[in-house]
There are 2 protein chains.
Amino acid sequence: MSSSCYCTLLRMATRKLAGTYDAALAPAGINVAQFSLLRTVQRRQPVSLTELGRLAELDRSTIGRNVRVLEKMDLVSLTRGKDQREAMVALSETGRETLDAAAPLWDACQTAVAERLGPQRSEALRDLLSAF
Amino acid sequence: MSSSCYCTLLRMATRKLAGTYDAALAPAGINVAQFSLLRTVQRRQPVSLTELGRLAELDRSTIGRNVRVLEKMDLVSLTRGKDQREAMVALSETGRETLDAAAPLWDACQTAVAERLGPQRSEALRDLLSAF
DNA sequence: CATGGTCGCGGGTATATACCCATATTGACC
DNA sequence: GGTCAATATGGGTATATACCCGCGACCATG
């Protein structure tokens, strides 16, 4: 349809790109949002929901719900922090294995996308995103 | 957090940009997704759900639910097409008024975003999106 | 004109996302 | 030590989005 709205175009591009990554990660049983969240947990664990939200620039309640899905999938475990208000998130053993399985899938997808875009567009994309 | 995943970065950028447009359109009582959908309906009305989905590159069931929200807001009306299977969507009078009210808000937002990005990045964005 | 395949939709289910409000815990200040 | 503001969650509600399944309408072919 070729809308002229930057936002609508960006949403369309994001939906398609997410679909590409989701398909690539499907064999690992997770989608790209979960992959990204799991990787952040891995880097920062144990980490509170609020901190995760800050890192991912997502609403805290969104993080809470997304983490709950990961917990149901047994990919992370939730415990109370020293500050009893905080819910601390850490990878489970299954979560670590899932990330290990997903990493090469993600890598191949990322490479394929970069190739499809070409070096110029890839660079433009990185530059653009840093502008938001 | 500065992830290196194109998809994650794009999602973050999209969330932020959508927030900008949503805030700009709030006085009209609609968000940017609804604005975009309403404008497509205006251009093609009366139009079937399947056709709308094709135009917006959205899943048909997604369009169906989004249109239902617009119907509940009295912005569109749904009728059966000549082909009794088709649900035809058309703007209501309120829908037309809402679009008229939203148009200048959207325009100001679009201009502001273009200015914030600068001509080079705006061009890069359009080019990039066409690559997906 | 009967039948079988195709098409359009609606509903069920699920994730991602945001906003608002209630509750529980902390910590600082008197 | 008691009070109160700030902080961290959690739940309710709502939209956006996708996939799958079943039902009813249509149509082409025999």
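Remember, predicted model here, so these are calculated numbers, not experimental data. Chain naming here is simple, since letters A, B, ... match the order of the sequence lines and numbering starts at 1 in each.
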Which residue pairs pass the side chain to side chain donor-acceptor pair (under 3.5 Å) test when at least one of the two sits in residues 93-109 of chain B, sequence neighbours left out?
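As it turns out, the side chain to side chain donor-acceptor pair (under 3.5 Å) pairs with a partner in residues 93-109 of chain B, which skip direct neighbours, are E93(B)-R96(B), R96(B)-D100(B).
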
Using the rule that two of Ile, Leu, Val, Met, Phe, Trp, Tyr join whenever any of their side-chain heavy atoms come within less than 4.5 Å, decide whether L105(A) and V32(A) are in one cluster.
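Yes; V32(A) is reachable from L105(A) via cluster members.
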
Does one hydrophobic cluster hold both L49(A) and M88(A), with members joined at side-chain heavy-atom distances below 4.5 Å?
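No, separate clusters.
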
So, the side chain of [X] versus the backbone of [Y]: is there a donor-acceptor pair under 3.5 Å, distance only?
X	Y	value
T62(B)	L58(B)	no
E86(A)	T79(A)	no
T40(B)	S36(B)	yes

Pick base, sugar-phosphate or nothing for N31(B), based on heavy-atom distances below 4.0 Å to the nucleic acid.
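Sugar-phosphate, no base atom in range.
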
Identify whether the distance between the nearest side-chain nitrogen and carboxylate oxygen of R68(B) and E71(B) falls below 4.0 Å.
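The answer is no: the pair does not qualify as a salt bridge.
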
Under 4.0 Å from any atom of DNA chain D, heavy atoms only: list the residues of residues 60-70 of chain B that qualify, in numerical order.
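DNA chain D contact set from residues 60-70 of chain B: S61(B), T62(B), R65(B), N66(B), V69(B).
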
OP1 or OP2 of dG10(C) versus the side-chain N and O atoms of R80(B): is any pair under 4.0 Å?
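Affirmative; the distance criterion is met.
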
With a 4.0 Å limit, can you tell me whether K72(B) has a side-chain N or O closer than that to the phosphate oxygens OP1/OP2 of dT15(D)?
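Answer is yes, contact under 4.0 Å.
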
What's the [atom1]-[atom2] distance between [X] and [N], to the nearest Å?
X	N	atom1	atom2	answer
E51(A)	dT9(D)	CD	C1'	16 Å
R11(B)	dA18(C)	CZ	P	10 Å
L52(B)	dA18(D)	CG	C1'	17 Å
D59(A)	dT15(C)	CG	C1'	16 Å
D22(B)	dA14(D)	CG	C1'	13 Å
M88(B)	dC7(C)	CE	C1'	14 Å
E57(B)	dA18(D)	CD	C1'	15 Å
L58(B)	dA16(D)	CG	C1'	9 Å

Would E123(A) and R126(A) count as a salt bridge (charged side-chain N to carboxylate O under 4.0 Å, His left out) if you check the C-alpha gap in whole Å, the side-chain angles of each, and the deciding distance to 0.1 Å?
CA-CA 5 Å; E123(A) 172 54 29; R126(A) 276 191 297 274; 3.2 Å; yes

Can you tell which of dG10(C), dT9(D), dA18(D) lies closest to the side chain of S48(A)?
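Comparing dG10(C), dT9(D), dA18(D) against the side chain of S48(A), the answer is dT9(D).
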
Working to the nearest 0.5 Å, report the span between CD of Q45(B) and CG of L38(B).
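Those atoms lie 10.0 Å apart.
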
Between the protein and nucleotides 23-28 of chain D, are there any N/O to N/O pairs under 3.5 Å, and if so, what are the atom names and distances?
| unit_1 | atom_1 | unit_2 | atom_2 | d |
| --- | --- | --- | --- | --- |
| dC26(D) | OP1 | Q84(B) | N | 2.9 |

